[in-house]
Participant: 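Mind having a look at this structure? Questions to follow.
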There are 2 protein chains.
Amino acid sequence: MTGRQHGVSAGVNLGALRTHNTALVLDLLRTAGPSGISRLELAERTGLTPQAVSKIIARLRLEGLAAEAGRRTSTGGKPRTVLRLLPGAGHAVGLHLDRDELTAVLCDLTGTVVAERRAPLDLGAGADTVVEGAAVEVEALLAGLSGPEPAPVLGVGVALPGPLDHTRGVLHRVTGFPEWSGFPLRDVLARRLGTAVVVDKDTNAAALEVAVRGAGPSACLAYLHLGTGLGAGLVIGGGVHRGARTGAGEFGHQVIQLDGPPCECGNRGCVEALCLAAVARGDVDGAARVLGAAAGNLVALLDIDEVLLGGRTVAAHEEAFVRGVGAVLDERARREGADRAVPVRAAPGGARTVAEGAAQLLLAPLFGRGEG
Amino acid sequence: MTGRQHGVSAGVNLGALRTHNTALVLDLLRTAGPSGISRLELAERTGLTPQAVSKIIARLRLEGLAAEAGRRTSTGGKPRTVLRLLPGAGHAVGLHLDRDELTAVLCDLTGTVVAERRAPLDLGAGADTVVEGAAVEVEALLAGLSGPEPAPVLGVGVALPGPLDHTRGVLHRVTGFPEWSGFPLRDVLARRLGTAVVVDKDTNAAALEVAVRGAGPSACLAYLHLGTGLGAGLVIGGGVHRGARTGAGEFGHQVIQLDGPPCECGNRGCVEALCLAAVARGDVDGAARVLGAAAGNLVALLDIDEVLLGGRTVAAHEEAFVRGVGAVLDERARREGADRAVPVRAAPGGARTVAEGAAQLLLAPLFGRGEG
DNA sequence: TCCACTTAAGCAACGCTGTTGCCAAAGTGC
DNA sequence: GCACTTTGGCAACAGCGTTGCTTAAGTGGA
């Protein structure tokens, strides 16, 4: 297919056209879930003719990606045949490298976790040790993929705290561990495992996971991650927005009190500092209010459709954070005369959201989400 | 072509493919300017084969959109033929409805202003009067488009302060003039003039103008408009980001001082209030610093490539604002260890930026920018 | 039980896209 | 003047979605 050259959007040929439409159909099949979807419905939703859909479906069935699954009740004529995605036709591994723990999940095509492993993690043990440990966990997961003809593994997605360069898969500085600075994680792990590897920030992976579930192809949502730090993953126009330097989502050091207390970043009045300080002194409601104010800024700036909260600190006081942030947003929406407030929810999937999102780094492109 | 249906990305057929590739070539022709670009260079930049480019160029020449313009020096063989866009092949009108003044510009295909009109504006005079006044100005502009075979006019783009719904072209509340609330400006003006009309926020139009000039198809930039209020236009991934409710770019009511002075929006410590207060007391440098802090939040959140400043208040103290905002961003970038600071510039075009951007609402889709 | 009707899905021909193979045109340089 | 390089068009081609028509598989009334 035609390559992409220094920032110029590429020309499109028949191959790209087919890939696009196929991805569209696959995404609708995936979204439909086990209950399936009919050819005609696919035609309506994509805008393609029924005949085009029939051809695409025939190809997908031949490739083992889709299958017929019963029929709907007749509406006066021949009943529609229901089609569904074959989840086992492909798998991907999601690897979440958190500060002290490694989580690895094996996901099928639908993104469902079919196996999971956890292990302690010590970034201070050195790059080689960490990479080897991660590779062993991945191999252990893949060993469970048996069967007469094992379905292909698309690759391994790795999610970890930034900053990093997702296009090249290279880490920048990792706070406290200077040896990791500039480490080419993607290439090293890809060579070690012999599979495709994609590296991204943990917050971006979580945002992708949330976008792939439920959110439509043009949705805008914000995933706010409050753990030992505060960061965000942004979904804009249905896709994760990373920016040219994978820097987008820098939310924690949003200055929200010009003359506030100093933050370790060198600035004053960052949300992260204010929020974590409130949590530290046991004032969860106060932390939620501060987080809500910053979230309000973000929601207004980008016209966000939905806010999702995740991370350990949120998980520890889930109800309080959802309620507190929601209250601030509601109040602001009411003042500004908006028809409806922006919904705030805890990110579904809990602690596994990031790992599942890491797997989606490889799965999502199949469905036209992400830079496939 | 296939329509777009409730948020589902549409299927693509041959017609859409052709439109896309043609727009790509047109955009490169436009970007190349009067100096032109050769067929082979177009092929390299788009990733299409030279033969495909030749066919597209032949079509464009037949339609009167492009022409040959000399040749390059030979590099050992047949010299490349240089092609350029024919600016006069089409025009669009840009209409900027500011609080007290109307600016209308007539732009050719390249976006160059070929005629301009200004008139005082009084929103309090009622919708009918304002629409009629605007229509008269547009007709006066178009009357100047003479010639043996007048080139087609694509339509009229209207830019005005929000909030509004750009998809339907309907205004929401206009502060101080309740009668405008819910006014279907697009349809009323389209019926009156008998041409296509597109309505958008002034900040979005300015952002589009800036994006169409210079910025690549995947650039992220922020246009900050400081006049009687403070707003932003966001370009993300090469296109203007508006959000589902045309609400994106709400930058002025970013809370930047939690316990700050009350703003008329009902909140406390909004940038707009702090910034305008500083200007009012003659402290331009202070205003620039506050604006810089808020801009820093925005830049970090979205990994913005470039910040552009516009609006009357900026224009009155251009050098001070560019320097002040730049200084705050530089300092923050240095603290965060970024390779380079984000450049800050005054938006080129000055007071006419919004009007030119309004015209681009119709021109840009031809070049694959915006939802054409 | 039959038959008219409706709806779904496939077959075949088609139009149009970009691609490939080949050749003419138009230069340079020895 | 000739060999070579580079550009760009012509013609045939593969492959995409579309169109026109046919077949399959139901419902419902006589």
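Naming convention: chains lettered A, B, ... in sequence-line order (proteins, then strands); numbering from 1 in each chain.
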Participant: Apply salt bridge (Lys or Arg N to Asp or Glu O under 4.0 Å) to B/Arg39 and list each qualifying residue two or more places apart in sequence or on a separate chain.
Facilitator: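 Checked B/Arg39 against salt bridge (Lys or Arg N to Asp or Glu O under 4.0 Å); matches are B/Glu68.
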
Participant: If you compare every side-chain N and O of A/Arg71 against the phosphate oxygens of D/dG26 (OP1, OP2), does one of them come in below 4.0 Å?
Facilitator: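 Answer yes for this pair, as a side-chain N or O of A/Arg71 is under 4.0 Å from OP1 or OP2.
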
Participant: Using side-chain heavy atoms (C-beta onward) and a distance below 4.5 Å, is A/Arg72 in contact with A/Val82?
Facilitator: yes

Participant: Would one find a side-chain N or O of A/Ser74 under 4.0 angstrom from OP1 or OP2 of D/dT27?
Facilitator: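 No, no such contact exists.
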
Participant: One thing to verify: whether B/Arg245 and A/Asp305 come together as a salt bridge, which I'm taking to mean a side-chain N less than 4.0 angstrom from a carboxylate O.
Facilitator: yes

Participant: Compute the bend angle of the helix from C/dT1-D/dA30 to C/dC30-D/dG1 from the end axes (five pairs per end), rounded to 10°.
Facilitator: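 Both end axes considered, the difference amounts to 10°.
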
Participant: So, OP1 or OP2 of C/dT19: does either fall under 4.0 Å of a side-chain N or O from B/Thr49?
Facilitator: yes

Participant: At less than 4.0 Å, is any side-chain N or O atom of B/Asn21 found next to OP1 or OP2 of C/dG18? Yes or no.
Facilitator: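 For C/dG18, OP1/OP2 do have a side-chain N/O of B/Asn21 under 4.0 Å.
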
Participant: Can you tell me the distance, in whole Å, between the CG atom of B/Leu14 and the P atom of C/dG15?
Facilitator: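 For the pair B/Leu14 CG and C/dG15 P, the rounded distance is 13 Å.
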
Participant: Ignoring hydrogens and geometry beyond distance, is a side-chain donor-acceptor pair present between A/Arg59 and A/Thr22 at under 3.5 Å?
Facilitator: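 A/Thr22 and A/Arg59 do have a side-chain donor-acceptor pair below 3.5 Å.
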
Participant: Could you tell me how far apart B/Glu41 (CD) and D/dT6 (C1') are, to the nearest whole angstrom?
Facilitator: 15 Å

Participant: For each nucleotide in nucleotides 8-13 of chain D, reading 5' to 3', give B when a protein heavy atom comes within less than 4.0 Å of its base, S when such contact involves only the sugar-phosphate, and - otherwise.
Facilitator: SBB---

